[in-house]
There are 2 protein chains.
Amino acid sequence: MNILEKITQHNAAFSKSERKVAQVILANPQAAIHSSIATLAKMADVSEPTVNRFCRRLDTKGYPDFKLHLAQSLANGTPYVNRHVEEHDGPEEYTKKIFESTMASLEVARQSVDIPTINRVVDLLTQAQKISFFGLGASASVAHDALNKFFRFNVPVVYFEDILMQRMSCMNCTEDDVVVLISHTGRTKSLVEIAQIARSNDATVVGITSKDSPLGKECNLVLSLDVPEDTDMYMPMASRIAQLTLIDILATGFTLRRGNKFRENLKRVKDTLRGSRFDKKHE
Amino acid sequence: MNILEKITQHNAAFSKSERKVAQVILANPQAAIHSSIATLAKMADVSEPTVNRFCRRLDTKGYPDFKLHLAQSLANGTPYVNRHVEEHDGPEEYTKKIFESTMASLEVARQSVDIPTINRVVDLLTQAQKISFFGLGASASVAHDALNKFFRFNVPVVYFEDILMQRMSCMNCTEDDVVVLISHTGRTKSLVEIAQIARSNDATVVGITSKDSPLGKECNLVLSLDVPEDTDMYMPMASRIAQLTLIDILATGFTLRRGNKFRENLKRVKDTLRGSRFDKKHE
DNA sequence: CACTAGTTGTAAAATTACTACATTAAGTGT
DNA sequence: ACACTTAATGTAGTAATTTTACAACTAGTG
């Protein structure tokens, strides 16, 4: 869709002169949209028809049409592209890149998430007697966060970091319990075992994980997020943010399902915190 | 900036014929950008120069330039706007809204973050003997996540949920220690106290919090994120995501500063996890 | 070395947008 | 109501920009 990306990708298929045109446009796209075909041709040191052919190769009707597409691509303020951090990047670069790739991942996650499943999970959560959130490693903090959210709903919520505690907790499950297991890869052995334990006790197991993973297969319901993880850094980053956003969505769905009177309950929880805080001056 | 809005606002200042042009464009802007001045004039039942004058009145150089602006306005298909979830929203709506407002918040956070401070904090972290991450409530899971990241760097990292443990830990601080305190509002009493304890032991205190808050004033350095929190839900959502992204940025800055050989260390940590995982089939 | 396919440039044609001027419409004062 | 003034609109010609057709060149292949 984005014509700038298209130019970079298409690069191999360009001819020598066309590549010159590509280079000039990529160097300063803003200038390109304000140039006529003649000035652009001069800048790239090629003839006008070459520029025209370049445009056609990118599936546009001609030069004016190409400019339109280019303008649209530039308009998206920053077309959040998943750009990897480079060795030599300074603070400005890597800050920008991480923000942007996080946003790009959220966009991908948004498109990949299955709404009916979300609805179904919210259903289950509202009807649950007890909700458990388990995750290990990076996903532990996601489970931790989920605890923090659902705890406010005055529902029995369970969260353990300890594998043995997780196991024991699942052994005591009943069919009215919902166990939410969080793992990006879905290949953590102990979590898969926990899923099996929980299911053998008739609990409903929801996985926030990859669909075809070992963990995914053990779950009653899987909320999968196709987030491409930047493995260069050997740290889970984007996947975790997407998972948290999903938790937000589930929590929101939960409160909406419970209705207005329930939301007052939340306000009460928040008000209780006031005693532990310094007052805001201007309120 | 947006030309479509400009057309609606400017409506009063248009002449009769110009208004006809405005109407046709607003009715189908997508068609307009693919029309020549002649076809558009015919559609609006006016002469070509009238269309040209219309364009000039909107501070564009002429018809082609106007089309460029129009194309840019149309491109902002989904300008991630912080839209609040409504009572009657279904799963599809609230899912979309939460994703979008999360992205919008990240965009705001990105613009508000102070790069030199980030650089300074990364400096401090790389030189620290011991790094502590403390937060309470929703920010606890952010601190938890930070632990998870920095732990991989083979640096002494400390994280406690318990207030007393946090206090005790800070009492043993030295001037080579860095304490990172996380709080969206910056008005949590016990965290402010912890900041004071840490500073009185010559530790460097970094706050991921609001700049002018009581906590912010006690910190050596403040990384502030001006994220508008959706208070309708009485739950911290966007602020937390922004904080986590900031943690990602700090962790990335940390690894970059440490250089390439250090990154191999990270790979080793990741490889160690392999034993606890099911193998991927296609590797 | 000739031949072919692909690439690039030249020049003319076609399209498109713009300018100058004429015409019409609308408003204002007598 | 009429002349006068000003603004708005359209016509026709001009200028610009883009596109097409074709020729020249380049590189690879038998």
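Nothing here was measured: the structure is a model prediction, and the numbers come from that model. Order of the sequence lines sets the chain letters (A, B, ...), proteins ahead of strands, with each chain counted from 1.
Between D:dA8 and B:Thr50, no contact under 4.0 Å exists linking OP1 or OP2 to a side-chain N or O. Contact check, B:Lys16 against C:dA26: a side-chain N or O comes under 4.0 Å of OP1 or OP2. For C:dG6, the OP1/OP2 oxygens have no side-chain nitrogen or oxygen of A:Ser15 closer than 4.0 Å. For the pair A:Arg57 and C:dG6, the criterion of a side-chain N or O lying under 4.0 Å from OP1 or OP2 is not met.
In this structure, CD of A:Glu18 is placed 11 Å from P of C:dG9, rounded to the nearest angstrom. When the P atom of D:dT18 is taken as reference, atom CD1 of A:Ile33 falls 14 Å away, rounded to whole Å. Between the CZ atom of B:Phe54 and the P atom of D:dT9 there is a distance of 12 Å, rounded to whole Å. One can place NZ of A:Lys61 at 15 Å from C1' of D:dT18, the figure rounded to the nearest angstrom. In this structure, B:Phe14 places its CZ atom 12 Å from P of D:dT9, rounding to the nearest Å. At whole-Å resolution of the value, CG in A:Leu68 and C1' in C:dT16 are 14 Å apart. Protein atom CD1 of B:Ile37 is 13 Å distant from nucleotide atom C1' of D:dA16, rounded to whole Å. B:Glu48 has its CD atom 18 Å from the P atom of D:dA16, to the nearest Å.
Between B:Arg110 and B:Glu107 there is a salt bridge, since a side-chain N of the basic residue sits under 4.0 Å from a carboxylate O of the acidic one. Ion pair A:Glu100/A:Lys97 not flagged as a salt bridge, since none of the NZ, NE, NH1 or NH2 atoms sits closer than 4.0 Å to an Asp/Glu carboxylate oxygen. Taking 4.0 Å as the cut-off between side-chain N and carboxylate O, B:Arg53 and B:Glu18 do not count as a salt-bridged pair.
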Steps toward side-chain hydrogen bond (donor to acceptor under 3.5 Å, both in side chains) verdict (A:Asp65, A:Thr60): CA-CA 6 Å; A:Asp65 189 41; A:Thr60 61; 4.7 Å; no
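Considering only the side chain of B:Pro64, C:dC18 comes nearest among C:dT8, D:dT19, C:dC18. Side-chain proximity of A:Ser17 to the nucleotides D:dT17, C:dT8, C:dA17 is greatest for C:dT8. Looking at the side chain of A:Tyr63, the nearest of the listed nucleotides C:dC18, D:dT19, D:dT11 is D:dT19. Nearest nucleotide to the B:Asn52 side chain, out of C:dC18, D:dT19, C:dA17: C:dC18. Residue A:Pro49 has its side chain nearest to C:dT10 when only C:dT8, C:dA17, C:dT10 are considered. Checked against D:dT19, C:dC18, D:dG10, the side chain of A:Arg56 finds its nearest nucleotide in D:dT19.
Take the nearest nucleotide of DNA chain D for A:Arg53 and for A:Ser35: the residue whose nucleotide is more 5' is A:Ser35.
As judged by a 4.0 angstrom heavy-atom cut-off over every strand, B:Val51 is placed among residues making no nucleic acid contact.
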Quiz: residues 35-42 of chain A side-chain donor-acceptor pairs under 3.5 angstrom, not counting sequence neighbours:
from    : atom 1 : to      : atom 2 : distance (Å)
A:Ser35 : OG     : A:Ala31 : O      : 2.7
A:Ser36 : OG     : A:Ala38 : N      : 3.3
A:Ser36 : OG     : A:Thr39 : N      : 3.4
A:Ser36 : OG     : A:Thr39 : OG1    : 3.3
A:Thr39 : OG1    : A:Ser36 : N      : 3.0
A:Thr39 : OG1    : A:Ser36 : O      : 2.9

